[in-house]
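Taking it in order: structure first as structure tokens, then the write-up.
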Amino acid sequence: MTKKNDPGISCSMEEFLGTDEVESVTSNTSWALKERLSFKPPLCDVFRQPFHLLEDTGEFKFHVHPEARKHLPDIIENVVQKIAGNENPEETAKQQYTKQRNIGIVFSGGPAPGGHNVIAGLYDAMIRANPDNRLFGFLMGPDGILENNYIEITADTVDSYRNLGGFGMIKTGRTKIDSPSKMKKAKTTCLTLELDALVIVGGDDSNTNAAFLAQELYQDGVQVIGVPKTIDGDIQVRDVNGNSLCAVSFGFHTAARAFAHNVNNLCSDCSSDVKYWHICKVMGRVASHLALEVGLQVHPNITLIGEELADFIDQERIEKAKKEGTTDYTAYGMTLRQVSRLICDGIVRRAAVGKNYGVIVIPEGLLEFINEIQVFIIKLNTIIADYNNTHDTDFHSQFPTLEDKLEYLRQMARMSRENRMFTVWNTRDDDLFNVLPDFFQEGLLTERDSHGNFQFSQMETDRVVMGLVEDYLKMLADRGVYKNGITVESYRQTMEEGGLDPDLYGPALFRDYKPDNGFLLVKESIVSVKTLKQNLVKEEVIDPDEDIPKPVETIYKQSVPKFKTQYHFYGYDGRGNDPTWFDCTYTYNLGNNVFSLIANGATGQMAAIRNLEKEFKDWEPIGLPIGSLMHLEERMGKLTLVMERALVDIQSPAFSVFAAKRDRWLAATPGEDCYRRPGPIRYAGESEDARPITLILNDLGSDVRPGDGS
Ligand code: FBP
């Protein structure tokens with residue numbers, strides 16, 4: 001390589017491209033990469049000891065499901081185990097701990113920042129115990145196990161992925177090992193590779209798989225350990241007494257921080273050009289944990305939390321039904337229309353103080369919590385299935401267009417009204433359904449998958465909600481309710497510059513005209529130039545044959561809001577982000593934890609860290625019995641044993657703080673907005689955001705009684 005030493009001497013493009021300087025500035029190895037690769041996450045004290053043992057604690061209890069007891073007999077008696085240091089074990093224990101092992105590891109499901117550090121932590125711990133230990137990484141997720149497709153993970157492989165995001169080292173996939181034939185294939189691979197242990201890094205379904213594999217491979221002596229991964233943050237474990245044992249899965253913090261940083265950038269943007277509402281859909285298949293964390297990190301003007309909407313009770317409907325001597329079973333859970341009204345209310349209030357812009361956060365899984373959507377899906381599933389069962393042709397061929405399908409539904413609703421007979425589809429269903437935008441109606445009426453299930457992931461949740469918002473805002477604008485507030489100063493300046501007396505026109509133009517009001521709102525009855533003139537004439541500030549004075553028209557035009565939106569989706573970007581300090585450290589310790597569990601013979605356990613909600617010095621590595629965390633859930637139409645997923649607890653301190661502060665964060669008052677700058681992701685050194693805010697608040701408020709307003 002040549003060096004272009006003298007900038008004064010010209011050279012050919014070919015020579016220029018061959019210089020060291022060009023090579024260096026365009027190299028794949030950025031300074032950020034070098035820094036990340038060399039970062040050493042701190043280890044929990046216990047992992048500084050050369051050996052570890054597992055202490056069974058009788059401290060934590062679970063309600064074990066009888067089905068789990070029946071299907072997982074060899075691992076169901078597992079308990080919570082603490083990893084304890086053991087400086088000087090007996091010789092046999094030492095030999096057992098350090099014996100040569102073959103370990104397999106697989107990533108399962110969507111990527112989550114920190115996965116590579118699980119591998120790094122496991123690798124470092126196993127090499128410390130015995131340099132001959134071997135680690136095999138199954139490629140492309142569980143398919144790698146089924147097809148015996150793997151790489152051997154070496155020191156060089158590990159060193160080139162330390163502290164990096166993604167699952168690039170061995171990739172991932174969503175295949176489930178959920179049938180006897182797949183179980184058999186998995187077993188064959190484990191035995192062929194002479195694995196002592198298999199590590200499954202995944203979400204609720206993958207950890208469920210880990211438990212069943214642990215049972216399957218028990219007699220063969222292959223241990224199976226799970227690791228809690230998912231950006232959705234819905235792997236959270238508490239015992240029956242509410243003790244938190246795993247506050248969050250890894251990857252959540254990074255994804256939330258990445259989303260928060262980007263959402264905050266939009267807060268800066270919208271409060272600068274003051275013309276857009278930025279609509280931010282954030283990932284999270286069902287639970288709204290990510291949306292809540294983004295809300296707490298950034299204070300966007302409006303953040304929706306699905307779990308809260310499902311919990312809503314419409315008192316008005318209940319009272320009305322009571323008066324009529326009936327019960328309204330549909331008064332529980334918010335409807336889409338109510339959600340859109342809620343958003344509109346915020347938009348209108350902000351516009352009134354001159355803020356016709358803002359940021360709205362909508363969780364990806366929102367529709368799961370909207371009662372009527374669930375009801376529609378169930379009803380339409382039934383209607384389509386019934387039609388197909390009783391006719392020679394199928395529903396979609398018979399009614400190919402949306403209009404055909406709607407007409408069929410209308411007929412059903414008419415039948416229920418005219419004949420006063422019970423049909424699955426009644427007039428109220430039809431009314432509610434017709435409020436939905438076409439594309440959403442079409443989505444709900446599309447063909448079901450092979451199991452007859454509706455695919456939520458195909459819905460554009462944000463556009464569904466905002467479509468209704470736009471319609472309603474238009475209505476509010478037509479009614480004169482949605483208006484831009486005008487500052488008193490700008491009103492007076494415009495009028496005086498035009499040679500008009502502001503105090504003469506003020507009472508005719510504005511509701512509650514007071515010169516010392518911060519913002520003035522044009523009267524509701526003024527919704528057009530025509531109605532403006534009518535008002536001015538009525539208030540006798542101009543004659544009927546006089547034109548509207550230019551400054552007055554200018555003020556009116558300024559009061560008419562334009563609702564302009566920009567849509568953003570935050571999901572894959574945050575999921576692929578390099579991990580935060582929290583996730584780097586959490587996962588590196590999880591990897592170490594996995595080795596301690598394996599070296600002590602554990603199987604059917606999930607590696608976890610207790611006290612994640614506290615400072616790092618309090619973190620406590622533990623093993624959790626996966627079998628005890630299972631319950632029955634409907635999957636593909638049948639009840640199945642799965643690890644329980646945690647939704648946002650609307651009684652939790654974190655949610656309560658959010659709920660108490662959100663009106664302030666809407667900032668529908670004159671003056672500055674309340675946006676918070678979380679800053680970009682950090683990984684070196686502790687900082688104020690060393691943990692998710694949700695965790696910090698839940699810890700701070702752990703002694704506060706729910707509903708205690710004092
Ligand atoms: P995991 O639960 O497998 O970690 O994945 C979660 C997730 O990132 C969700 O937030 C999102 O809805 C989904 O994956 C997207 O899945 P896909 O990668 O198949 O598009």
Side-chain angles (χ1 to χ4, degrees), residues 106-118 138 140-144 165-168 170-178 200-210 226-237 246 248-260 262-263 280-294 304-307 361-369 449 453-462 464 568-577 579 583 586-587 590 606 626 629 633 635 642-648 692 694:
V106 68
F107 290 139
S108 179
H116 290 131
N117 272 20
V118 174
F138 290 106
M140 311 295 292
D143 276 339
F167 280 177
I170 54 174
K171 328 291 180 207
T172 186
R174 288 201 181 274
T175 298
K176 291 192 176 105
I177 304 180
D178 55 359
I200 298 189
V201 183
D204 51 337
D205 279 340
S206 311
N207 274 283
T208 301
N209 251 199
V227 181
K229 168 238 72 158
T230 172
I231 62 158
D232 292 2
D234 54 7
I235 299 189
Q236 300 178 3
V237 180
C246 170
V248 78
S249 47
F250 82 75
F252 168 78
H253 185 234
T254 308
R257 286 285 283 98
F259 299 162
N262 290 332
V263 171
C280 308
K281 180 169 81 168
V282 303
M283 247 190 198
R285 194 191 298 276
V286 178
S288 305
H289 297 293
L290 282 164
L292 177 59
E293 181 67 20
V294 170
L304 299 178
I305 303 297
E307 287 82 340
V361 170
I362 298 182
E364 181 189 40
L366 185 91
L367 297 180
E368 282 265 0
F369 298 97
D449 70 8
N453 292 325
F454 178 76
Q455 301 293 302
F456 270 110
S457 56
Q458 287 172 13
M459 299 303 317
E460 290 182 290
T461 313
D462 45 350
V464 169
H568 312 266
F569 175 40
Y570 295 113
Y572 300 101
D573 53 338
R575 204 169 80 165
N577 214 106
D583 276 327
Y586 180 14
T587 47
L590 277 177
M606 183 173 80
I626 309 175
L629 311 180
E633 232 176 68
R635 294 282 169 94
V642 284
M643 199 170 129
E644 194 166 358
R645 250 192 319 229
L647 298 178
V648 170
T694 316

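In this chain, numbering begins with 1 at the start of the sequence shown. In listed order, ligands and their atoms are each counted from 1. Below, each value reflects all heavy atoms present in this structure, side chains not excepted, and no hydrogens, waters or symmetry copies.
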**Report entry** Numbering as shown, the atoms of ligand 1 that approach I231 to under 4.0 Å (heavy-atom distance)
**Finding:** 8 (O)
**Report entry** Of the listed options M283, K229, R645, R174, closest to atom 14 (O) of ligand 1 (non-hydrogen atoms)
**Finding:** R174
Query - Donor-acceptor side-chain pairing of N577 and T254 below 3.5 angstrom - result: no
**Report entry** Close approach of G284 to ligand 1, heavy atoms, under 4.0 angstrom
**Finding:** yes
Requested in this report: Please report the closest heavy-atom contact between A291 and P363, naming both atoms and the distance.
Outcome: CB-CB, 3.9 Å
Report task. Among all protein heavy atoms, pick the one closest to atom 8 (O) of ligand 1 and tell me residue, atom and distance. Result -> R575 NH1, 3.1 Å
Query raised in the report: In terms of atom number and element, which parts of ligand 1 are under 4.0 angstrom from non-hydrogen atoms of G109?
Result: 3 (O)
Report task. Say whether G110 and ligand 1 are in contact under the criterion: heavy-atom distance to a ligand atom below 4.0 Å. Result -> yes
Query raised in the report: Can any side-chain N or O of S249 pair as donor or acceptor with the backbone N or O of T230 at less than 3.5 Å?
Result: yes
Query raised in the report: What is the distance from atom NZ of K229 to atom CG of D204, rounded to the nearest 0.5 Å?
Result: 9.0 Å
Report task. Can you sort out which atoms of ligand 1 are near T230, meaning under 4.0 Å from one of its heavy atoms? Result -> 1 (P), 2 (O), 4 (O)
Query raised in the report: What's the shortest heavy-atom distance between E307 and V648, and which atoms?
Result: OE2-N, 2.9 Å
Query - ligand 1 atoms in contact with D232 (distance to a heavy atom under 4.0 Å) - result: 6 (C), 7 (C), 9 (C), 10 (O)
Report task. To the nearest 0.5 Å, tell me how far F252 CZ sits from I235 CD1. Result -> 13.0 Å
Report summary line: If you scan protein heavy atoms around atom 20 (O) of ligand 1, the nearest is Y572 OH, 2.6 Å
Report task. For atom 12 (O) of ligand 1, grab the closest protein heavy atom and report residue, atom and distance to one decimal in Å. Result -> E364 OE1, 2.9 Å
**Report entry** Geometric class of the H568/Y570 ring pair [parallel <30°, tilted 30-60°, perpendicular >60°]
**Finding:** parallel
